[in-house]
Amino acid sequence: KEMISDNKVTYHEVDFLLPAQRFNIQFSYVSQKGLPFIREFVLRLVHVASMSKAQIATYFGLTHRETEEAISDLVQRGELTLSSDGRLTLTDKSNGYFSEVGEIPHLSTIQDSGGTLSFDLATFSCFSNQTFQDHWRGGLTLKVDDNNISQSEKLVEKHFQYQFNQILDKGYLSHLQVQGGKEQPSIYTVNSVNKLRQIPLRLTTEFKMDNDGKAVEREDYEQLNSSECVHELMAVEIARLSRHNNTMSIFKAMVSINDDLTLKLFDSKTNQLNPLFIKDMQALEEYSDSGRTTFLGPVYSKNNWEKLQKALAPVLNQRNRDKTDYGGSPFVWVAPSDPYWSKSVRFISSLSDFLNRSATKDKRLYKPVLYVPVQDAADAWVAKQWKHELGQFHACAKGLVEGLLDGNVEILHLEDELSAVIYHISQPETLPVTMPLGFITTNKDAVKIIGALITEYVKSTSGFDKPHDCGFLSSIVEKH
């Protein structure tokens with residue numbers, strides 16, 4: 001039983017973006033400093049036992065004048081007193097330099113310093129500035145308490161003081177001077193906190209299920225002081241994006257592309273996915289030459305993208321070798337209407353890969369087109385959002401009126417060669433987020449059916465003269 005309980009499978013990978021801010025913090029700190037030689041050793045000697053001036057002179061081999069100078073200096077500093085019997089003893093002040101008998105005395109000094117540090121606005125955990133990329137693309141932004149944003153400087157002042165030792169331990173203030181003392185510097189006062197800019201802390205989150213297909217509790221984030229309130233913010237976002245159960249629509253889509261194999265992965269009584277069935281099917285696929293590969297999770301996750309590239313390699317190698325230029329051969333990627341699709345830094349790197357592989361330095365191997373869902377050709381607001389979300393890669397993206405297979409299915413299709421179909425399954429009763437499940441096929445008949453379905457949808461119109469293909473995002477944005 002133990003063995004099985006550990007068998008968790010990841011069914012989705014989503015990046016949540018936790019708002020954070022970078023601050024310039026100026027502060028004063030207390031550090032321990034050693035004393036000059038004679039001063040240190042006279043005090044160490046008197047710390048062991050009170051003595052007369054003559055004893056000190058003898059001990060150090062000093063002349064009468066040197067002894068007088070050294071001792072009057074210490075008396076003026078308030079570090080020695082001369083008692084009526086002519087003996088020297090430590091004062092309260094100099095006693096404070098010693099932590100135990102025979103120890104080296106240390107003097108506390110106050111020094112000024114400063115630095116830039118980043119804090120997230122939910123748990124106020126501290127980060128070095130290297131942790132961040134500055135863009136907010138490829139993720140779902142969590143909504144933090146407005147008060148934390150407006151009062152951030154005040155709150156960070158408090159947290160910086162409170163976490164000062166932790167921040168030192170993490171090595172974020174390595175420029176502070178620590179001289180000889182075993183004692184760590186301690187915070188004395190915060191002089192100013194200035195907010196510089198808002199940045200996202202990217203929390204890559206794996207959604208997992210057990211062998212019965214039931215959701216497993218999410219893990220905590222090591223980089224946060226406490227994950228609890230972040231899990232709560234995620235739960236709010238997940239509830240906001242919650243969809244109706246779309247299992248029946250998904251089964252209908254499977255039928256319309258003649259895909260009876262994926263249907264077999266579901267328990268016929270509960271309509272829920274059985275993860276063990278996937279492992280069985282993948283084992284069968286490995287030993288057959290069906291040209292089909294089943295996978296769970298987003299197509300752009302590291303493992304799944306590698307599976308796609310592996311299936312694609314023979315085709316692209318062949319195209320690379322022959323004389324033809326394939327600039328007219330479309331490779332389309334049709335996005336689903338799903339709130340979690342593309343919300344990962346992995347999506348951005350896979351899209352980049354999709355574009356980069358389309359040509360060698362000598363010729364084109366395919367023409368990449370990404371179709372993203374819009375309501376219609378006048379939907380400039382959504383087109384603008386996509387344009388921002390896709391960043392530099394928006395040039396290959398077109399708007400497509402949503403509704404292909406109810407918007408629940410994502411398809412990558414290289415004409416006559418290969419198709420990947422990913423169903424985005426929503427079963428909110430058992431799984432908090434959408435479950436992508438799909439297959440890659442190089443089977444000619446299967447590729448033909450899927451190709452015909454896409455072509456028909458892209459070329460047709462809705463209502464009078466409104467083509468489903470709304471053209472490039474830039475032109476939708478500019479027209480309106």
Side-chain angles (χ1 to χ4, degrees), residues 2-18 20 120 122-123 125 127 131-133 136-142 200-243 265 272-279 282 293-309 336 338-351 353 410 420 422-439:
E2 262 320 296
M3 279 298 293
I4 294 178
S5 69
D6 202 20
N7 271 348
K8 292 185 278 208
V9 293
T10 298
Y11 69 89
H12 213 335
E13 197 179 297
V14 180
D15 287 359
F16 289 93
L17 302 177
L18 179 58
D120 77 85
T123 68
S125 307
F127 297 89
T131 319
F132 299 90
Q133 306 143 315
W136 293 78
R137 297 192 296 278
L140 290 168
T141 301
L142 296 172
L201 176 67
R202 188 173 288 274
L203 300 172
T204 295
T205 305
E206 293 190 351
F207 289 88
K208 298 180 178 183
M209 54 168 74
D210 60 19
N211 275 337
D212 301 323
K214 293 206 168 40
V216 175
E217 201 175 323
R218 296 195 292 287
E219 285 152 31
D220 284 344
Y221 301 94
E222 284 164 24
Q223 64 266 54
L224 298 176
N225 293 340
S226 138
S227 297
E228 196 178 339
C229 83
V230 173
H231 283 309
E232 283 169 20
L233 295 177
M234 285 178 185
V236 169
E237 188 61 12
I238 288 168
R240 187 182 72 81
L241 298 172
S242 178
R243 298 295 190 77
L265 300 174
Q272 277 173 6
L273 176 78
N274 185 327
L276 295 174
F277 291 174
I278 295 187
K279 292 191 176 128
Q282 287 171 331
T293 309
T294 297
F295 63 86
L296 178 64
V299 68
Y300 46 75
S301 76
K302 190 171 182 297
N303 290 347
N304 293 341
W305 194 253
E306 279 167 11
K307 286 176 182 163
L308 179 69
Q309 295 311 324
D338 178 83
Y340 295 99
W341 182 80
S342 82
K343 303 301 180 192
S344 158
V345 78
R346 291 279 336 152
F347 167 72
I348 297 171
S349 58
S350 298
L351 179 59
D353 197 44
E410 174 183 6
I422 305 96
Y423 305 101
H424 290 261
I425 303 159
S426 168
Q427 297 184 330
E429 308 78 24
T430 48
L431 297 175
V433 302
T434 315
M435 172 177 67
L437 170 69
F439 65 91

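Everything numeric in this text was worked out from a predicted model, so none of it was measured.
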Quick one: does D212's side chain have a donor or acceptor within less than 3.5 Å of a partner on K214's backbone? no
Below 4.5 Å, heavy atoms only, C-beta onward: do N304 and I422 meet side chain to side chain? no
Check against side chain to side chain contact (heavy atoms under 4.5 Å, CB included), D15 and R346: CA-CA 9 Å; D15 287 359; R346 291 279 336 152; over 6 Å; no
Say you draw a straight line from OG1 of T434 to CH2 of W341; how long is it, rounded to the nearest 0.5 Å? 13.0 Å
A side-chain contact here means heavy atoms from C-beta on lying under 4.5 Å apart; do M209 and Q272 qualify? no
Assess whether side chain to side chain contact (heavy atoms under 4.5 Å, CB included) is satisfied between K279 and N211, documenting all intermediate values. CA-CA 11 Å; K279 292 191 176 128; N211 275 337; 4.2 Å; yes
Return each pair, listed once, that meets salt bridge (Lys or Arg N to Asp or Glu O under 4.0 Å) where at least one residue sits in residues 293-303; pairs must be two or more places apart or across chains. K302-E306
Rounded to the nearest 0.5 Å, how far does NZ of K343 lie from CD1 of I348? 9.5 Å
Given side chains that start at C-beta, do those of Y221 and T205 come closer than 4.5 Å, heavy atoms only? yes
Could you check whether the rings of H424 and H12 sit parallel, tilted or perpendicular, using 30° and 60° as the cut-offs? tilted
Could I get the full list of side chain to side chain contact (heavy atoms under 4.5 Å, CB included) partners for E232, not counting sequence neighbours? E228
Report yes if the side chains of D338 and E410 come closer than 4.5 Å at any heavy-atom pair, otherwise no. no
Is any side-chain heavy atom of L140 closer than 4.5 Å to one of L241? yes
I would like to know whether Y11 and V216 meet side chain to side chain contact (heavy atoms under 4.5 Å, CB included); could you show each step before the answer? CA-CA 11 Å; Y11 69 89; V216 175; over 6 Å; no
Can you tell me how far the CD1 atom of I425 sits from the CG atom of L437, to the nearest 0.5 Å? 4.5 Å
Residue pair Y423 / F439, side-chain heavy-atom distance below 4.5 Å: yes
Search all heavy atoms of P298 against all heavy atoms of P436 and return the closest pair with its distance. N-CG, 3.7 Å
Is the ring centre of F16 less than 6.0 Å from the ring centre of H231? no
Return the CG to OG1 distance between L308 and T293, rounded to the nearest 0.5 Å. 9.5 Å
Can you tell if the side chain of L273 reaches within under 4.5 Å of the side chain of Q427, non-hydrogen atoms only? no
Is it true that a side-chain atom of Y300 and a backbone atom of S342 form a donor plus acceptor pair closer than 3.5 Å? yes
Within the side chain of T123, is there an N or O that forms a donor-acceptor pair under 3.5 Å with the backbone of S226? no
Under a 3.5 Å cutoff, is there a donor and acceptor pairing between the side chains of E13 and S301? no
Side chains of D120 and F127, heavy atoms from C-beta outward: is any pair under 4.5 Å? yes
Specify the closest pair of heavy atoms between P275 and G213, including all atoms of both residues, with the distance to one decimal. CD-N, 3.7 Å
For the CH2 atom of W136 and the CZ atom of R202, what is their distance to the nearest 0.5 Å? 10.0 Å
